[in-house]
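To start, the structure itself, in structure tokens.
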Amino acid sequence: MTVIHVALDVPVNRLFDYLAPNADSADIGRCVRVPFGNRQLSGIILSVSNLPSVPERKLKTAGLIDQAIPPLPQSLLELFEFCSHYYHHPIGQVVMNGLPALLRKPGYTTSRIPKQIQEWILTDAGRIITLSDIPARSKTKRQLFSLLLENGIITADIYKAMSPHSRKLLHEFKDLGWVEQRTALPGKFAFSTVPTLAPTTEQAHAIAEILARIGTFTPWLLHGITGSGKTEVYLQVAASLLAQQKQILVLVPEINLTPQLEATFRKRFPNTPLVSLHSGLNSSERLQGWLQAQCGEANIILGTRLAIFTPMPRPGLIIVDEEQDHSFKQQDGLRYSARDLAVYRARQANIPIVLGSATPSLESYHQARIGRYRLLQLHARAISQAVLPAIHCIDMRVTPAQERLSEPILDALRQSLDQKQQSLVFINRRGYSPALLCKSCRWIATCKRCSSRLVVHLRNRQLRCHYCGDQQPITPACPQCGDPDIMPFGHGTQRIESALIKQFPNARILRVDRDSIRHKTAWQTMLDTIHQGKVDILVGTQLLAKGHDFPNLALVCVLNADSSLYSTDFRAEEHLFSQLMQVAGRAGRAHIPGTVLIQTEFPQHPLYLALIRQDYAAYAQTQLKERKSASFPPFVYLAVLRAEAPVLAEALEFLHQTAVIATIAKEYAHIQLFDPVPATMTRLKGLERAQLLIQAVSRKCLQIFLSDWHQRITALPARSKLRWHLDVDPLTL
DNA sequence: TCTTTAACCAGA
DNA sequence: CTGGTTAAAGAG
């Protein structure tokens, strides 16, 4: 009797056994279709044996085993198992979370996988065409073709990000014989790279160091200030491994960053098959890319956190760019950290991993200081003429301001305008104003379902909750006292935008935040507008801070940095420092000296003093000292048990009960449990939430305790309307 | 999670 | 007795 043990997408942490007379160990890692209850599911075979774990009569017979797709490699299955244990998440859901959605659909086989046209290549005939052959008024057409001329190739996600019409335009080019479609990528490729500028001494050193330890598990922390050319290090190390036909995995924090990085890699390695994987792809594109990685056709895999689960037969290098970014941690379902899993995978595959950042997470920096990671530093900007921006604080206790804009900032903006240079006004708050206030009775508009204030959006005269997305029209009068004198209170991007328009009526001002780039192609269009120099003043949120080069940007103004200075979250300061370093790094990248002005009420705060000196190391050291004395990560290990229920008391009561059963769990003596407390945002989407913090001196203690405790909590009688989850290594408390 | 089944209650 | 809602149990 042959029994297969199958991982299924159900929230129970166990495998399900099926009879499969023809299966053998070669089927481990294959996709199988099985009956489950009265429905059909597809799952992954994790093992094959002749010992069912339930009485034989309960066994059903498995359906078709998909032979068309090669089985998942053992290493990936191990990663899934590790994930399930470490994050205390059902194995089946871990496995299914890591696979493209189409593979989860029952009965889906490669025979039905659409052979999608992915790439368009410039033909010899196209190469002799110049932009002047295209009418000037066909803007997108020109844009598209100039990209083709530059790179010789254009891929689906790049042209799709550009304009919805680009597909049609590419077909026009094809009819003219300028481009060809490429359906499948070649299995073997002739490696080549285009000539590059010589690396700086520091870059060369970093590259040599990494290359010297290729083929062994070596975690590198590449600490390079903004503009120091970390990407060049990635590229040159990658070049060496690609030449050996190895696969490279590159993780970036956000989808927005993939097109730019993809273009960079394409340009450097024109013949190397590359796929990008992120949640912005449709399901067949995602499957296509995943399959190319899994069968070894794609040699560069570039993506967001989900790409960490991509099977690779010949892994050679993993790169995690902006490793400190919180986006690498999934905030729901399987709460994994792609950065941490990347280190696991590198160890497993015995290959180097490069964690890159201008402001490394304190966790990684600490690892480097104690010698577990190797530290590489880039202190100088890669373009020799480029100097670091000068950073100044403006003391808002003594400086007058109108509409949150102080005189020095208005002066600097004016000057920048005169010199025809771009400026960036950074305010990390969307909307017109973060609150609506009644002047006579002090009533403030709050969300019905969340403990949050409603944000005023003047454009469509709406009040919006930024936590649950709920919208309602602005009330004409105070609902509490009837006074019509209700006022927007505080400043968001939209309000600053209108204030700037008033101040600088002739300036071209562009607002960039999640509201303004809601439409699919808006982001790319805005980037182009900025690059073409058609913008004088940019107003925006952190979207603008991340990883984009604005060559003509000379001035950065930060308006409301203080808000997270004295936060209850012990990571808020680290986050602010990193964010300000990033946004400051936007100024003066190429040949223009940059200026950064920060409005603050606390100009003497150590964070700003360190920021002015742009001294990450010193700041990190003092932060680490504080973390150590306060017993915070990276010196202790944390987990959070969160519960949500219609009323707070129920959630708290549940957590109290789990605390009681914790005392009989294994390793309890080495664990510290804190009192259950209401969550920072207590009400969210109509539910009230509480949490319980667990602290341990070692990962091992924490894990032993959590496994035991988690089981006990699961065994507790279920309560209706109460949901709970464990978050291991949480980033926000 | 999804689905089935049992349990409960109101109303006729 | 019926219809409807709700809670608990089980899935191989």
Side-chain angles (χ1 to χ4, degrees), chain A residues 1-25 27-66 77 80-81 83-84 87-108 279 283 306 309 330-336 641-647 649-651 653-654 657-658 661 685-687 689 710-727:
Chain A
M1 171 178 59
T2 315
V3 179
I4 54 175
H5 309 278
V6 182
L8 293 172
D9 194 4
V10 283
V12 221
N13 194 16
R14 67 182 104 124
L15 297 176
F16 291 86
D17 295 358
Y18 289 89
L19 290 168
N22 301 320
D24 61 34
S25 60
D27 291 315
I28 292 174
R30 284 212 161 98
C31 205
V32 64
R33 197 179 169 180
V34 294
F36 189 76
N38 60 356
R39 53 204 166 126
Q40 292 282 321
L41 292 182
S42 70
I44 299 292
I45 303 173
L46 290 195
S47 57
V48 180
S49 78
N50 46 23
L51 302 163
S53 43
V54 289
E56 216 174 300
R57 58 183 168 76
K58 287 181 85 176
L59 294 179
K60 287 184 184 173
T61 304
L64 200 71
I65 297 176
D66 190 333
L77 300 182
F80 287 145
E81 257 153 57
C83 240
S84 171
Y87 294 108
H88 305 277
H89 202 73
I91 179 70
Q93 293 198 307
V94 171
V95 172
M96 291 309 163
N97 173 71
L99 301 178
L102 277 185
L103 282 184
R104 294 174 234 168
K105 251 171 100 176
Y108 205 96
S279 56
S283 49
L306 61 84
F309 296 109
Q330 181 137 303
Q331 298 291 358
D332 58 305
L334 170 60
R335 291 163 195 264
Y336 65 99
L641 179 66
R642 300 198 185 89
E644 57 182 34
V647 287
E650 286 175 46
E653 202 276 317
F654 170 77
Q657 197 181 343
T658 63
I661 56 171
K685 297 179 185 174
L687 290 172
R689 307 166 318 144
H710 186 266
Q711 271 184 11
R712 289 174 200 278
I713 303 173
T714 315
L716 243 37
R719 299 152 186 246
S720 62
K721 303 273 167 68
L722 185 135
R723 286 156 56 90
W724 61 273
H725 70 260
L726 250 187
D727 189 350

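In what follows, chains carry the letters A, B, and so on, assigned in the order in which the sequence lines appear, proteins first and then strands, with residues in each chain numbered from 1.
Phosphate contact (OP1/OP2 of B/dC2, side-chain N/O of A/N38, threshold under 4.0 Å): absent. When the side-chain nitrogen and oxygen atoms of A/R14 are compared with OP1 and OP2 of C/dG10, none of them lie within a distance under 4.0 Å.
Here B/dC2 presents its C1' atom at 12 Å from CD of A/Q93, a figure rounded to the nearest Å. Atoms CG (A/L59) and P (C/dG12) sit 10 Å apart, rounded to a whole Å. The interatomic distance linking A/R39 (CZ) with C/dG12 (P) rounds to 10 Å, in whole Å. For the pair A/D332 CG and B/dT1 C1', the computed distance is 15 Å after rounding to whole Å. Distance, A/F36 CZ to C/dG10 P: 13 Å, rounded to whole Å. Separating the CG atom of A/L19 from the P atom of C/dG12 is a distance of 12 Å, rounded to the nearest angstrom. Atom C1' of nucleotide C/dA7 and atom CG of A/L722 are separated by 15 Å, given to the nearest angstrom. Atoms NZ (A/K60) and C1' (C/dA11) sit 8 Å apart, rounded to a whole Å.
Here A/V6 lies out of heavy-atom contact (under 4.0 Å) with every strand. Residue contacts shown for A/R723 are limited to sugar-phosphate atoms, with no base heavy atom under 4.0 Å away. Among the atoms of the strands shown, base atoms are found under 4.0 Å from some heavy atom of A/L15. Contacts of A/Y18 with the nucleic acid, taken as non-hydrogen atoms under 4.0 Å apart, involve only primed sugar atoms and P, OP1 or OP2.
The two atoms that bring A/D17 and A/S53 nearest to each other are OD2-OG, 2.6 Å, heavy atoms only.
At least one side-chain heavy atom of A/E81 sits less than 4.5 Å from a side-chain heavy atom of A/I91.
For CZ of A/R712, the number of neighbouring non-hydrogen atoms (other residues, nucleotides, ligands) closer than 6.0 Å is greater than 12.
The backbone N or O of A/H89 lies less than 3.5 Å from a partner atom in the side chain of A/S84, making a donor-acceptor pair. Side chain of A/D66 to main chain of A/R30: no donor-acceptor pair is present (N/O by atom type, distance under 3.5 Å, no hydrogens or angles).
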